[in-house]
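To keep things clear, I will list the structure first and then write my remarks on it.
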Number of protein chains: 2
Amino acid sequence: MTYGTSIPPGEALTALADPTRRAIVEKLARGALPVGELADGLTVSRPAVSQHLKVLSDAGLLTVTPHGTRRLYRLAPEGVAQLRRYLDRLWDDALSNFAAEAERRAASKEP
Amino acid sequence: MTYGTSIPPGEALTALADPTRRAIVEKLARGALPVGELADGLTVSRPAVSQHLKVLSDAGLLTVTPHGTRRLYRLAPEGVAQLRRYLDRLWDDALSNFAAEAERRAASKEP
DNA sequence: ACTTACGGTAAGTTGTGACTTACGGAACAT
DNA sequence: ATGTTCCGTAAGTCACAACTTACCGTAAGT
């Protein structure tokens with residue numbers, strides 16, 4: 001029984017569409033960070049970062065663990081995994097369809 | 001020598017952020033289609049579909065082959081592959097960082 | 001108790017992107 | 001030649017999402 005929270009991949013894709021959010025995710029991929037440190041090195045304000053973190057969390061891509069007065073954000077592997085599965089399915093469908101089309105093309109004389 | 005056009009994954013992610021474009025991609029994953037047939041079964045107008053197809057093409061996710069007066073759109077496996085590689089790198093970084101953090105936590109007495 | 005870090009939320013502004021209708025150009029048919 | 005089908009592009013509208021500043025909690029330090 002796999003039991004993931006199963007947020008549809010659309011939210012995660014929407015979340016990763018924003019360049020600032022991608023920058024955040026890529027930073028977090030290399031280690032958990034509090035909001036303040038994330039905001040340094042980014043061109044936007046700290047509240048903006050907070051808002052982005054909410055979007056990413058809602059998409060299942062991040063988890064939070066309060067540590068004293070700060071909140072450590074870290075990448076959620078399961079969130080990334082779900083996106084990978086979605087793309088894998090696209091990939092598989094596309095390839096098997098390619099094979100089917102090639103076969104069909106070979107059956108009739110002209111493409 | 002693999003030689004892909006190497007469009008940054010940001011464009012593909014932005015392209016897949018839109019639900020209508022995801023619907024298009026998922027249809028195309030099951031077989032190539034002309035614009036008109038794509039537009040049927042979608043809630044938006046045909047010109048809207050054309051615009052979406054442009055975005056997806058620019059992102060490297062689609063290829064076009066003119067067939068008479070119609071244009072057959074099909075999913076580009078390499079485009080999907082590039083997204084998969086991006087997510088794989090995120091995944092790998094996240095996991096190796098997890099290991100490093102766990103080790104660090106084990107080294108000091110308190111988490 | 002007061003102050004100082006840290007961070008989430010409210011409110012308001014603004015650019016952008018997803019849509020529409022209208023139009024124009026190719027390719028095939030008659 | 002003319003009409004028809006298929007499709008891309010232009011122009012304009014409108015909603016939303018990504019910011020900003022301001023404010024209010026909460027936890028720790030002194």
Side-chain angles (χ1 to χ4, degrees), chain A residues 7-28 31-76 110-111, chain B residues 7-28 31-76 110-111:
Chain A
I7 294 169
E11 277 195 58
L13 286 169
T14 303
L16 290 181
D18 184 83
T20 302
R21 282 196 291 262
R22 274 198 305 277
I24 290 175
V25 164
E26 285 161 19
K27 268 175 182 279
L28 291 182
L33 286 174
V35 179
E37 295 197 30
L38 271 170
D40 303 341
L42 290 180
T43 65
V44 299
S45 70
R46 187 195 48 75
V49 172
S50 265
Q51 290 162 4
H52 282 309
L53 290 170
K54 175 149 191 359
V55 173
L56 289 166
S57 296
D58 289 350
L61 289 169
L62 261 47
T63 63
V64 209
T65 62
H67 259 299
T69 165
R70 21 222 251 173
R71 304 165 63 91
L72 271 182
Y73 284 88
R74 66 184 75 244
L75 201 55
E110 288 301 322
Chain B
I7 294 169
E11 276 194 59
L13 287 168
T14 303
L16 290 180
D18 184 83
T20 302
R21 281 196 293 262
R22 274 198 304 277
I24 290 176
V25 163
E26 284 160 20
K27 268 175 182 278
L28 291 182
L33 286 175
V35 180
E37 295 196 31
L38 272 170
D40 304 341
L42 290 181
T43 64
V44 299
S45 70
R46 187 197 47 76
V49 173
S50 266
Q51 290 162 5
H52 282 309
L53 290 171
K54 174 150 192 358
V55 173
L56 289 166
S57 296
D58 288 349
L61 289 168
L62 261 47
T63 63
V64 209
T65 63
H67 261 297
T69 166
R70 17 223 252 174
R71 304 166 62 91
L72 271 183
Y73 283 88
R74 66 184 75 244
L75 200 55
E110 287 301 323

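Reminder, nothing fancy here: chain letters follow the sequence lines and each chain counts from 1.
Distance CG (A:Leu13) to P (D:dA17): 15 Å, rounded to an integer number of Å. Regarding B:Lys54, its NZ atom lies at a distance of 13 Å from the P atom of C:dG17, rounded to whole Å. Separating the CD atom of B:Gln51 from the C1' atom of D:dC7 is a distance of 12 Å, rounded to the nearest angstrom. Rounded to an integer number of Å, the gap from CG of B:Leu72 to P of D:dC7 is 9 Å. What separates NE2 of A:His67 from C1' of C:dG7 is a distance of 16 Å, to the nearest Å. Distance CG (A:Leu62) to P (C:dG7): 14 Å, rounded to an integer number of Å. Between A:Leu56 atom CG and C:dG8 atom P there is a gap of 12 Å when expressed in whole angstrom units. Taking atom CG of A:Leu16 as the reference point, atom P of D:dA17 lies 16 Å away to the nearest angstrom.
Contact annotation: A:Tyr73 side-chain N/O to C:dC6 OP1/OP2 distance is not under 4.0 Å. Contact between the side-chain N/O atoms of B:Thr43 and the OP1/OP2 oxygens of C:dC19 is not found at any separation under 4.0 Å. Taking side-chain N and O atoms only, A:Arg70 has no distance below 4.0 Å to OP1 or OP2 of D:dA27.
With D:dG8, D:dA11, C:dG8 as the candidates, the nucleotide lying closest to the side chain of B:Ser50 is D:dG8. Nearest to the side-chain atoms of B:Thr69 among the listed nucleotides D:dT5, D:dC7, D:dT9 stands D:dT5. Distance from the side chain of A:Ser45 is smallest to D:dT21 among D:dT9, C:dG8, D:dT21. Of the candidate nucleotides D:dC19, C:dC19, C:dG7, C:dC19 has the atom lying nearest to any side-chain atom of B:Val44. Among the nucleotides C:dC19, C:dG8, D:dC19, the one closest to the side chain of B:His52 is C:dC19. Minimum atom distance to the side chain of B:Ala48 is reached by C:dT20, of the listed C:dC6, C:dT20, D:dT20. Here the nucleotide nearest the side chain of B:Arg21, chosen from C:dA18, C:dA27, D:dC19, is C:dA18.
Heavy atoms of B:Pro34 sit under 4.0 angstrom from primed sugar atoms or phosphate atoms, though from no base atom.
Atom-to-atom distance recorded for A:Ile24:CD1 and A:His52:NE2 is 5.5 Å, nearest 0.5 angstrom. We find the CG-CG distance between A:Leu28 and A:Leu61 to be 10.5 Å, quoted to the nearest 0.5 Å. For the atom pair CG of A:Leu62 and CG of A:Leu56, the computed distance is 5.0 Å after rounding to the nearest 0.5 Å. A:Leu13 contributes atom CG, which lies 5.5 Å from atom CZ of B:Arg22 (distance to the nearest 0.5 angstrom).
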Pull out every protein N or O sitting under 3.5 Å from an N or O of nucleotides 2-4 of chain C, one pair per line with the distance.
none

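Annotation: of the two residues near DNA chain D, B:Val35 and A:Gly68, the 5′-most nearest-nucleotide partner is B:Val35. Judged by closest nucleotide on DNA chain D, A:Asp18 is the one of A:Arg46 and A:Asp18 placed further toward the 5' end.
Taking 4.5 Å as the limit, every side-chain heavy atom of A:Val64 sits out of range of all side-chain heavy atoms of A:Leu53.
Both distances falling under 3.5 Å, in either a Watson-Crick or a G-U wobble arrangement, place C:dT21 opposite D:dA10. If you check D:dT30 for Watson-Crick or wobble pairing at under 3.5 angstrom, you find it paired to C:dA1.
Screening residues 34-56 of chain B for salt bridge (Lys or Arg N to Asp or Glu O under 4.0 Å) gives B:Lys54-B:Asp58 as the qualifying pairs, with residues at least two apart or on separate chains.
Between the side chain of B:Arg74 and the backbone N or O of B:Thr63 there is no donor-acceptor pair closer than 3.5 Å. For the pair A:Arg21 (side chain) and A:Ala15 (backbone), a donor-acceptor distance under 3.5 Å is present.
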